[in-house]
K.L.:
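Provided herewith is a single structure, encoded as structure tokens, for subsequent inquiry.
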Amino acid sequence: MTAMFANNDRTGHAHDGLDLAGIGIGPSNLSLASLLDGLSNVKAHFYERQPVFNWHPGMMLPDVELQSSYLKDLVTPVMPTSRWSFVSYLVAHKRLYAFLNAQYEAVPRREFAQYLAWVASQLKNLNFNAVVRDVSYEKNQFHLRFDNGSVAANNLVLGTGTTPFVPAWATPFLGDTCFHNSEAAYRLAPLKAARIAVIGGGQSGGEVVEALLNAKSSLKELNWFSRRHNFEPINDTAFSNQVFSPEYVYAYLNLNSDQKLEALKASVLTSDGLSISTINNIYRRLYSLRYLENRDIDAKLSPNRDVIQMEADKNGYRLIVRNRFDGGVEVFHADAIILATGYQFKLPDAVAGLQDRIQFDRHNRPVLDDRYCLNWNGPKHNRIFAQNAGRYSHGIADSQLSLMAWRSAHIINSLLGQAHFDLEPHDSQVNWLSSGHASLNQNVAVDY
């Protein structure tokens with residue numbers, strides 16, 4: 001039986017014999033769906049368990065901003081004339097000039113989320129309220145099973161995104177007063193805590209700290225811990241941003257695993273640092289609270305800290321922390337813990353039946369080839385593409401919005417077996433590779 005999805009399917013027909021089936025509809029698969037729209041020689045459909053598109057709603061704290069250009073949207077870097085661009089969204093809503101006149105240094109994340117939802121509401125190759133229960137491989141096709149039927153596809157693309165990473169020491173305590181920042185927008189307002197600890201010194205941690213300092217609450221003590229040497233700003237300079245270019249990915253693909261890891265560590269602050277506006281807002285807010293408002297908030301910013309143990313006590317939690325700056329061990333107390341501890345990629349539960357056929361590295365990460373395909377022991381013409389899975393294989397930009405459209409174009413070129421999108425490298429201001437690598441690198445990356 002083929003799933004019909006009568007309540008949600010805007011195409012009005014069954015989707016058997018697909019060229020591509022997508023599991024998950026986040027920004028990455030939405031980008032792929034947008035670029036496939038109007039491409040008649042690829043029959044693709046995407047399935048999402050949620051009832052509507054909603055981009056990181058738990059992180060939509062007041063005044064949060066994008067850390068990348070709005071031109072790095074779903075389509076513009078490879079298809080700037082598409083009707084699904086961010087600029088098209090502004091024109092359609094008759095606010096292009098208002099947006100330009102606002103002179104945003106960074107686009108509000110809420111604005112970009114509305115743009116994504118606008119696209120998702122109109123594309124006909126998307127299905128919401130469609131839970132993929134499992135995937136099997138039979139008779140040279142992948143079979144996706146739903147509660148009310150199944151579909152078959154020659155290729156899969158996994159776009160379920162990354163999942164919140166919770167350290168092992170915090171896992172037993174998850175609940176109303178210990179939670180990941182991915183839930184912050186829901187949990188901060190009702191939180192009644194005089195002592196709060198925020199774990200994680202990246203942008204997400206900074207946004208939580210800023211929201212706590214601006215809230216009218218019972219907060220008396222705030223501890224902000226970071227493993228980094230200081231609360232570091234994002235490296236947003238012109239040359240550093242070259243790591244978010246296709247040319248850097250082409251170069252990165254030539255490295256061995258140890259070289260890739262070293263390059264990834266060296267470029268971490270191009271992606272995971274604090275926005276200058278966030279740093280300044282927090283500092284100025286602390287200044288105002290201390291000197292202008294005379295509010296009694298004991299705020300401590302503690303870099304170079306590793307939490308090594310967490311315990312419950314009668315008044316909340318006790319954190320045992322190692323200070324890597326001077327080697328000391330400290331004890332802190334909190335009524336609530338907010339974990340801004342990042343995200344990690346994992347395969348969706350639906351493909352558990354294929355897991356024994358997929359190759360994993362020594363860190364239990366699925367292995368990705370140059371064209372964003374998982375290495376698996378099935379036929380080469382049946383591919384499993386993975387979005388947001390290539391931070392270690394393709395570089396730090398893979399988990400960001402920056403190269404989302406470019407990666408989608410690569411996947412489409414692979415499906416078609418030809419260069420439908422021109423992905424030849426541009427001229428780069430930075431020479432990454434030794435001279436002997438250049439021609440090999442380009443052939444590997446764009447030869448279909």
Side-chain angles (χ1 to χ4, degrees), residues 56 58-59 61 162-232 268 272-274 278 282 285-286 289-290 295-346 363-365:
H56 291 311
M59 296 176 64
L61 296 170
T162 52
T163 59
F165 171 73
V166 176
W169 49 260
T171 303
F173 304 101
L174 291 177
D176 291 340
T177 58
C178 177
F179 52 87
H180 193 270
N181 75 277
S182 57
E183 305 174 43
Y186 307 131
R187 293 189 178 271
L188 287 187
L191 188 63
K192 306 299 182 185
R195 303 170 301 170
I196 298 177
V198 178
I199 316 296
Q203 178 64 16
S204 295
E207 290 170 0
V208 170
V209 168
E210 184 178 358
L212 288 170
L213 293 174
N214 286 328
K216 295 179 180 179
S217 67
S218 56
L219 182 64
K220 297 293 184 181
E221 181 180 325
L222 174 64
N223 281 290
W224 185 17
F225 300 103
S226 175
R227 299 179 67 183
R228 295 173 185 163
H229 180 71
N230 205 336
F231 294 91
E232 305 279 4
V268 66
D272 297 337
L274 289 153
T278 301
I282 291 172
R285 184 62 184 146
L286 290 171
L289 288 170
R290 176 172 295 182
R295 280 186 61 188
D296 186 22
I297 294 181
D298 182 14
K300 296 186 180 72
L301 279 63
S302 303
N304 277 302
R305 275 17 181 237
D306 283 319
V307 178
I308 56 178
Q309 190 173 336
M310 179 176 171
E311 302 170 345
D313 63 27
K314 61 181 180 180
N315 295 315
Y317 305 100
R318 183 171 71 160
L319 295 173
I320 301 173
V321 178
R322 178 179 290 113
N323 186 331
R324 288 184 286 109
F325 188 70
D326 60 14
V329 174
E330 303 164 286
V331 177
F332 296 87
H333 296 271
D335 303 314
I337 307 288
I338 302 170
L339 304 164
T341 45
Y343 294 79
Q344 61 185 356
F345 177 84
K346 71 172 187 175
H363 301 289
N364 203 35
R365 295 188 292 254

K.L.:
For the backbone of Ile308 and the side chain of Asp306, can you confirm whether one donor and one acceptor N or O come within less than 3.5 Å of each other?
P.N.:
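No.
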K.L.:
Picking from Ile338, Leu319, Val321, Asn181, what satisfies side-chain contact (heavy atoms from CB on, under 4.5 Å) with Ile199?
P.N.:
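Of all the options given, the one that passes is Leu319.
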K.L.:
Does Asn323 reach the main-chain N or O of Val329 with its side chain, forming a donor-acceptor pair under 3.5 Å?
P.N.:
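Not confirmed, Asn323 side chain does not pair with Val329 backbone.
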K.L.:
What do you reckon, is CZ of Arg295 surrounded by more than 12 foreign heavy atoms closer than 6.0 Å?
P.N.:
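More than 12 within 6.0 Å, yes.
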K.L.:
What orientation do His180 and Tyr343 show, parallel under 30°, tilted 30 to 60°, or perpendicular over 60°?
P.N.:
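Because their plane-to-plane angle is over 60°, the rings of His180 and Tyr343 count as perpendicular.
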K.L.:
Output all residues satisfying ring pair (Phe, Tyr, Trp, His ring centres under 6.0 Å) with Phe332, sequence neighbours left out; order by chain, then residue number.
P.N.:
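In terms of ring pair (Phe, Tyr, Trp, His ring centres under 6.0 Å), with neighbours along the sequence ignored, Phe332 is linked to Phe225.
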K.L.:
With a cut-off of 6.0 Å (strictly less than), are more than 12 heavy atoms of other residues, nucleotides or ligands near NZ of Lys300?
P.N.:
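Yes, because the 6.0 Å sphere around NZ of Lys300 holds more than 12 heavy atoms from other groups.
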K.L.:
Mark yes or no for whether Thr341, through its side chain, and Phe165, through its backbone, hold a donor-acceptor pair below 3.5 Å.
P.N.:
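A pair under 3.5 Å: yes.
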K.L.:
Taking Asn230 for its side chain and Glu232 for its backbone only, find out whether a donor-acceptor pair lies under 3.5 Å.
P.N.:
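Checking the backbone N and O of Glu232 against the side chain of Asn230, no donor-acceptor pair under 3.5 Å is found.
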K.L.:
With distance as the sole test, does His363 use its side chain to make a donor-acceptor pair with the main-chain N or O of Arg365 at under 3.5 Å?
P.N.:
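Side chain of His363 to backbone of Arg365, a donor-acceptor pair under 3.5 Å: no, none is there.
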K.L.:
Just verifying a value: how many Å separate His56 NE2 and Leu61 CG, rounded to the nearest 0.5 Å?
P.N.:
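Spacing of NE2 (His56) from CG (Leu61) equals 12.5 Å.
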K.L.:
Return yes when atom CZ of Arg322 has more than 12 non-hydrogen atoms of other residues, nucleotides or ligands closer than 6.0 Å, and no otherwise.
P.N.:
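For Arg322, atom CZ is not crowded (no more than 12 foreign heavy atoms under 6.0 Å).
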K.L.:
Check this for me: does any side-chain nitrogen of one of Lys220 and Asp298 sit under 4.0 Å from a carboxylate oxygen of the other?
P.N.:
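Asp298 and Lys220: not salt-bridged.
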K.L.:
Out of the candidates Lys192, Arg195, Arg318, only one should pair with Asp335 under the salt bridge (Lys or Arg N to Asp or Glu O under 4.0 Å) rule; please name it.
P.N.:
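Result: among Lys192, Arg195, Arg318, Arg195 is the only option passing the salt bridge (Lys or Arg N to Asp or Glu O under 4.0 Å) with Asp335.
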K.L.:
Taking the side chain from His229 and the backbone from Phe325, do they hold a donor-acceptor pair closer than 3.5 Å?
P.N.:
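Side chain of His229 to backbone of Phe325, a donor-acceptor pair under 3.5 Å: no, none is there.
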